[in-house]
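Ligands are counted one by one from 1 in listed order, and the atoms in each one are counted from 1 as well.
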Amino acid sequence: MRLGALLLCILFPFSSMADSAWPGGIAFLDLGAADGPAPVVEFDGKRVLVLNQGGQWRAVVGIPLSAETGRASISFPSGITMSFDVVEHAYAVEHLQVAQSYVSLSDEDLARYQRERKVIDAALNNWRDIPVDSVSLASPVEGPRSSSFGKRRFFNNEPRSPHSGMDIAAPEGTPVSAPLAGIVSETGDYYFNGNTIFIDHGQGLISMYCHLSEIGVETGQPITAGEPIGRVGKTGRVTGAHLHFGTYLNGTAVDPALLLDGSQ
Ligand SMILES: [Zn+2]
């Protein structure tokens with residue numbers, strides 16, 4: 001270890017913990033002793049979640065899958081910035097076959113998708129200013145992870161957006177439970193995502209559950225950790241029954257595997 005790195009570790013003993021600062025990953029940045037109000041932090045013009053962990057403020061920054069590698073920075077209202085490195089991360093490629101109506105959208109379906117996109121984006125960008133003491137999530141359903149986050153995908157051989165969540169295979173009807181307490185911020189039946197629930201866990205940490213056969217909660221409903229919220233299904237653009245589990249920080253999709261218990 002070089003002397004500079006050693007000194008940094010002494011000054012910021014938590015700064016290197018479980019770092020996953022790559023596109024689609026999370027940068028955990030130490031902001032010093034939590035002996036005053038929580039610092040206001042922004043990344044790319046969006047508020048960032050700040051935890052009080054062991055008496056230290058810690059920023060939990062979602063890095064977009066589309067982010068360039070290299071230097072990035074968070075900013076404070078004073079204009080001061082703190083930089084960190086976004087490192088490279090390799091994601092696999094995946095080919096999937098679905099009904100052609102999910103690849104070449106009719107005018108009507110495209111209009112529907114565009115209307116829904118606004119509702120979904122609003123749910124994913126919601127900021128609820130409450131203290132958050134943990135971003136550790138329990139698995140919403142048990143089962144094999146049939147497709148991992150970040151894969152570059154081809155549907156019927158046509159390139160589409162990379163996979164923005166984790167797919168967990170489970171039989172239709174399997175109960176899905178909330179991985180952390182929160183409030184149901186939106187539910188709906190969407191063209192690609194099928195029956196979907198959004199849970200707002202505070203400070204921009206949002207989780208999303210797609211392709212459900214059944215939605216068991218209502219918008220505005222408070223949810224405790226472990227509470228059943230719906231059932232696994234195959235609604236929307238799917239190749240079979242599974243849960244698409246999405247997690248978002250500062251409005252950007254991050255790999256749920258980085259937030260599941262024991263990962264951070
Ligand atoms: Zn998925």
Discussion item. For a distance under 2.8 Å, tell me if His163 has an N/O/S atom near the Zn ion (ligand 1).
Written reply: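 Checking the Zn ion (ligand 1) against His163, an N, O or S atom does fall under 2.8 Å.
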Item to complete: Please determine if the Zn ion (ligand 1) has an N/O/S atom from His242 lying under 2.8 Å away.
Response: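 Checking the Zn ion (ligand 1) against His242, no N, O or S atom falls under 2.8 Å.
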Practice prompt. Answer yes or no: is there a side-chain heavy-atom contact under 4.5 Å between Leu259 and Leu205?
Written response: yes
Worksheet entry | 4.5 Å side-chain heavy-atom contact, Tyr102 and Leu96 | no
Item to complete: Report, rounded to 10°, the angle at the Zn ion (ligand 1) between the two atoms ND1 (His244) and OD1 (Asp167).
Response: 110°
Fill in: Minimum-distance pair of heavy atoms, taken over all atoms of Ser134 and Leu180
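That would be O-CD2, 3.9 Å.
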Worksheet item: Hey, is Asp85 close enough to Arg71 for a salt bridge, meaning N to O under 4.0 Å?
Response: yes
